[in-house]
**Q** 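Structure provided below as structure tokens; questions to follow.
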There are 2 protein chains.
Amino acid sequence: MLPLDDPLNNHLLAALSADEYARFSPQLERVPLPLGHVLYESGHELRHVYFPTDSIVSLLYVMLDGASAEVAVVGNEGIIGIALFMGGETMPNRAVVQSAGHAYRLPGQLLKQVFNNSIGLQHLLLRYTQALLTQMAQTAVCNRHHSLDQQLCRWLLLSRDRLSSDELLMTQELIANMLGVRREGVTEAAGKLQEAGLIRYQRGHITVLDRAGLEARACECYAVVKLEYDRLLPELSTA
Amino acid sequence: MLPLDDPLNNHLLAALSADEYARFSPQLERVPLPLGHVLYESGHELRHVYFPTDSIVSLLYVMLDGASAEVAVVGNEGIIGIALFMGGETMPNRAVVQSAGHAYRLPGQLLKQVFNNSIGLQHLLLRYTQALLTQMAQTAVCNRHHSLDQQLCRWLLLSRDRLSSDELLMTQELIANMLGVRREGVTEAAGKLQEAGLIRYQRGHITVLDRAGLEARACECYAVVKLEYDRLLPELSTA
DNA sequence: CGCACTATGAGCGTTAGCGTACAGAACTTT
DNA sequence: AAAGTTCTGTACGCTAACGCTCATAGTGCG
């Protein structure tokens with residue numbers, strides 16, 4: 001078991017070769033990520049990339065009228081700031097902390113440099129990006145076709161997978177913002193899940209009681225995304 | 001004006017350096033893409049990548065129950081088969097021809113080879129991939145928040161941009177499949193647009209009469225995606 | 001020319017989720 | 001302990017889109 005403050009709690013960092021990691025480690029800086037903290041604003045320049053260890057960050061799109069929706073989630077399996085090595089410098093998304101914790105950050109320029117000189121890092125990050133692509137695609141499909149109940153299950157499972165614990169700290173209001181639905185809708189859906197004995201809900205405190213039950217109730221989207229992460233990044237093994 | 005069968009009608013091919021293009025051109029093969037043709041099936045191995053010239057290809061996700069939804073569109077500004085250079089080999093999407101025409105295809109292995117040896121090609125394709133990412137993210141948001149009317153406008157504009165003509169050949173049934181909605185819904189929405197004088201619709205034959213009007217009626221998603229393509233790939237200039 | 005087929009249009013009742021409003025419950029602060 | 005704040009639950013009318021069914025109108029073919 002790694003100490004909680006070890007950078008290697010991030011699976012991408014853990015998958016690096018000794019060489020690559022050696023180039024990063026002197027400049028890796030541990031930062032706390034409080035709930036709601038905005039890592040990047042849509043269109044802003046990226047100074048750092050972030051490797052979450054025990055936190056979860058959502059990529060949100062915020063519309064002109066203020067309504068929002070999550071397009072992807074990143075936890076200790078990933079990195080925030082892919083636009084840097086993809087070459088676009090910015091993204092039209094906001095990155096906001098959905099579950100408080102910590103991350104290690106790295107100057108963007110350093111990442112870019114190593115990315116351009118290391119085939120290994122390149123392959124790793126590109127495969128990660130492809131997994132992220134799948135997640136976004138699946139989010140699109142899910143938003144189109146599946147019920148709020150199903151989406152809530154998917155979302156809880158994605159969050160659960162990215163933390164080590166069955167306890168999630170998040171209000172229904174927050175979840176509603178992520179899913180882009182009404183808070184009352186979440187209340188109702190969560191109520192059903194609680195009645196079914198799958199979760200326990202108490203004032204910003206969710207406990208997953210029956211993981212398998214949630215999976216059964218979720219739409220196929222969750223499984224598709226998880227399979228794809230496992231396929232593309234076997235060295236990380238989210239489970 | 002280029003001849004219609006020139007590979008350079010594809011903007012990505014046109015943006016290559018002379019060197020890179022010279023490596024590709026002997027193996028570029030022109031193929032007709034009839035309406036409905038499936039280029040890739042979800043999860044299948046990719047033998048070739050395709051560069052559309054006068055065709056449009058949709059990336060669809062097809063669910064277990066047969067329902068479907070488009071996650072992105074690719075026309076002469078892009079390439080189909082990004083999983084090859086991203087390292088994943090396959091994608092959980094189906095690629096299907098949405099507007100008949102032609103494409104040039106290239107053996108996947110060759111593309112991979114050149115990709116790994118040419119920084120220029122790498123940067124170009126990665127920036128394209130980032131634009132695609134934005135398109136997927138925006139599709140997700142749009143599916144969540146916008147009305148069928150707005151989405152239809154967005155979709156018509158995206159298609160219009162990828163052809164040279166104001167005439168689109170597609171049935172309402174087809175559009176419904178792409179958007180993941182009922183055919184009757186499309187009938188109704190298209191009826192409204194026709195009444196407003198923005199398009200003319202006649203049995204699989206759409207004519208865009210008032211582009212600006214469509215833009216005004218579309219949600220912000222269209223503009224966001226278009227801006228991002230233009231920003232990331234200025235050398236292509238879709239307009 | 002007439003027949004068959006395919007695309008479109010129109011009319012139901014149904015439903016998931018929205019917007020709004022308000023009440024109770026659980027923490028926090030003083 | 002009281003007051004204030006933040007979460008959660010409940011209710012009610014409303015609307016977009018659904019699923020289904022059937023009618024009409026082009027189009028192509030024998």
Side-chain angles (χ1 to χ4, degrees), chain A residues 34-36 63 65-70 98-100 141-156 167-196 199-207 217 219, chain B residues 35-36 63 65-69 98-100 140-156 167-196 199-207 217-219:
Chain A
L35 182 65
M63 299 197 301
D65 68 1
S68 65
E70 185 180 86
Q98 175 205 110
S99 178
V141 173
C142 199
N143 282 351
R144 163 62 62 207
H145 287 292
H146 296 136
S147 70
L148 181 45
D149 288 33
Q150 291 178 302
Q151 292 183 45
L152 178 59
C153 292
R154 169 179 67 90
W155 194 86
L156 288 173
E167 297 258 336
L168 313 180
L169 281 176
M170 37 195 52
T171 67
Q172 300 184 346
E173 179 80 42
L174 188 71
I175 299 179
N177 274 324
M178 298 295 161
L179 293 179
V181 299
R182 276 189 324 157
R183 194 227 77 216
E184 291 88 335
V186 175
T187 302
E188 207 178 315
K192 285 191 221 168
L193 295 185
Q194 176 147 4
E195 236 178 294
I199 61 170
R200 203 178 42 199
Y201 211 124
Q202 33 183 358
R203 222 184 148 68
H205 226 79
I206 311 175
T207 315
R217 201 147 174 154
C219 42
Chain B
L35 182 65
M63 299 196 302
D65 67 2
S68 65
Q98 177 205 109
S99 177
V141 173
C142 198
N143 282 350
R144 162 64 59 212
H145 286 291
H146 297 135
S147 72
L148 181 44
D149 289 32
Q150 292 178 302
Q151 292 184 45
L152 179 59
C153 291
R154 168 180 66 92
W155 194 87
L156 287 173
E167 296 258 337
L168 313 180
L169 282 175
M170 37 194 51
T171 67
Q172 300 184 345
E173 179 81 43
L174 187 71
I175 299 180
N177 274 324
M178 299 295 162
L179 293 179
V181 300
R182 274 188 328 156
R183 194 227 76 219
E184 294 88 330
V186 175
T187 300
E188 208 179 313
K192 283 190 222 167
L193 296 185
Q194 177 147 6
E195 237 179 294
I199 62 170
R200 203 178 43 198
Y201 210 124
Q202 33 180 359
R203 222 184 149 70
H205 227 77
I206 311 175
T207 315
R217 199 146 175 157
C219 42

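Below, read A as the first sequence line, B as the second, and so on, with proteins coming before strands; counting in each chain starts at 1.
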**Q** Identify all pairs in which a protein N or O lies below 3.5 Å from an N or O of nucleotides 17-20 of chain D, and state each distance.
**A**
residue: D:dA17; atom: OP1; partner: B:Leu148; partner atom: N; Å: 2.6
residue: D:dG19; atom: N7; partner: B:Arg182; partner atom: NH1; Å: 2.4
residue: D:dG19; atom: O6; partner: B:Arg182; partner atom: NH1; Å: 3.1
residue: D:dC20; atom: N4; partner: B:Arg182; partner atom: NH1; Å: 3.3
residue: D:dC20; atom: N4; partner: B:Glu184; partner atom: OE2; Å: 3.0

**Q** Could you pull out the closest heavy-atom pair between A:Met170 and A:Gln98, with the gap in Å?
**A** CE-O, 3.3 Å
**Q** If an axis is fit to five pairs at each end of the helix from C:dC1-D:dG30 to C:dT30-D:dA1, what is the angle between the two, to the nearest 10°?
**A**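 Roughly 30° between the end axes, to the nearest 10°.
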**Q** Taking the side chain as every heavy atom from C-beta outward, state whether B:Gln151 and B:Asn143 have any pair of such atoms under 4.5 Å apart.
**A**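 Yes, close enough: below the 4.5 Å cut-off.
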**Q** Go through the structure and list residues passing side chain to side chain contact (heavy atoms under 4.5 Å, CB included) with A:Gln202, not counting sequence neighbours.
**A**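 With sequence neighbours excluded, A:Gln202 shows a side chain to side chain contact (heavy atoms under 4.5 Å, CB included) to A:Arg200, A:His205, given in chain and number order.
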**Q** Name all residues meeting the side chain to side chain contact (heavy atoms under 4.5 Å, CB included) criterion together with B:Ala100; count only those two or more places apart in sequence or in a different chain, and write none if there are none.
**A**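 For B:Ala100, the residues satisfying side chain to side chain contact (heavy atoms under 4.5 Å, CB included) (neighbours in sequence not counted) are B:Leu35.
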**Q** Taking CZ from A:Arg183 and C1' from D:dC7, how many angstroms apart are they, rounded to a whole number?
**A** 8 Å
**Q** Atom CG of A:Leu193 to atom C1' of D:dT8: distance rounded to whole Å?
**A**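 Rounded to whole Å, this separation is 15 Å.
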**Q** Can you pull out every salt bridge (charged side-chain N to carboxylate O under 4.0 Å, His left out) where at least one residue sits in residues 141-154 of chain B? Sequence neighbours excluded, please.
**A** B:Asp149-B:Lys192
**Q** Quick one, B:Leu193 and B:Cys153 - any side-chain contact, counting heavy atoms below 4.5 Å?
**A**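 Yes - at least one pair of side-chain heavy atoms lies under 4.5 Å apart.
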**Q** For residues B:Val141 and A:Met63, determine if any side-chain heavy atom of one lies less than 4.5 Å from a side-chain heavy atom of the other.
**A** yes
**Q** Contact class for A:Thr187 (heavy atom, under 4.0 Å): base, sugar-phosphate, or nothing?
**A** base
**Q** Quick check for you: to the nearest 0.5 Å, what is the distance between B:Leu148 atom CG and B:Ile175 atom CD1?
**A** 10.0 Å
**Q** Does A:His145 reach the main-chain N or O of B:Ala67 with its side chain, forming a donor-acceptor pair under 3.5 Å?
**A** no
**Q** Of all heavy-atom pairs between A:Tyr201 and A:Thr171, which one has the smallest distance, and what is that distance?
**A**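 Residues A:Tyr201 and A:Thr171, closest heavy atoms: OH-C, 3.4 Å.
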**Q** For a quick test of your reading: what N or O donor-acceptor pairs under 3.5 Å do the side chains of residues 180-191 of chain B make, sequence neighbours left out?
**A**
residue: B:Arg183; atom: NE; partner: B:Thr187; partner atom: OG1; Å: 3.4
residue: B:Arg183; atom: NH2; partner: B:Thr187; partner atom: OG1; Å: 3.3
residue: B:Thr187; atom: OG1; partner: B:Gln172; partner atom: OE1; Å: 2.6
residue: B:Thr187; atom: OG1; partner: B:Arg183; partner atom: O; Å: 3.3

**Q** Can you tell me how far apart CG (B:Leu179) and CH2 (B:Trp155) are? Round to the nearest 0.5 Å.
**A** 7.0 Å
**Q** Is the backbone of B:Ile199 close enough, under 3.5 Å, to the side chain of B:Thr207 for a donor and an acceptor to pair up by distance?
**A** no
**Q** Earliest and latest nucleotide of DNA chain C, 5' to 3', sitting under 4.0 Å from a non-hydrogen atom of chain B?
**A**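 Under 4.0 Å from chain B, the extent on DNA chain C is C:dT6 to C:dA10.
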**Q** Between the protein and nucleotides 23-29 of chain D, which nitrogen or oxygen pairs come in under 3.5 angstrom?
**A**
residue: D:dG26; atom: N2; partner: B:Arg203; partner atom: NH2; Å: 3.0

